[in-house]
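Only heavy atoms go into these numbers, but all of them, side chains included; no hydrogens, no water, no symmetry mates.
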Amino acid sequence: MPAPPNRRDSSAEGIRRDLAKQARLWTLSLVCATVGAITIWRTDQLLPGIGAFLLTLVVLGSILYAYERRHR
């Protein structure tokens, strides 16, 4: 027996929500990696790049975490 139409809509909404969450996580990783790479490029040292990556991850990751908890 086929599912009612409103159930399909909520399923499509769930898929959209999951895709948007994945896009936010990929954007976070891209921003963190870019900050780390630019820091390494400007300083020619690995340790400051790692620090910049982790600092960006902590700051933006906590913001994203709070955003995700608020929208749940």
Visitor: Quick one: list whatever passes side chain to side chain donor-acceptor pair (under 3.5 Å) with R69, sequence neighbours left out.
Guide: Y65
Visitor: Could you give the distance from CG (L47) to OG1 (T39), rounded to the nearest 0.5 Å?
Guide: 11.5 Å
Visitor: Below 4.5 Å, heavy atoms only, C-beta onward: do L28 and L57 meet side chain to side chain?
Guide: yes
Visitor: Transitively linked via ILVMFWY side-chain contacts under 4.5 Å: I38 with F53?
Guide: no
Visitor: Let me confirm one number: the CD-CG distance from E13 to D18, rounded to the nearest 0.5 Å.
Guide: 10.0 Å
Visitor: The criterion is side chain to side chain donor-acceptor pair (under 3.5 Å); which residues satisfy it with E68, sequence neighbours excluded?
Guide: R24
Visitor: In terms of hydrophobic clustering (I, L, V, M, F, W, Y; side-chain heavy atoms under 4.5 Å; direct or indirect links), are V35 and V58 co-clustered?
Guide: no
Visitor: Could you state the interatomic distance from OG1 (T27) to CG (L60), rounded to the nearest 0.5 Å?
Guide: 11.0 Å
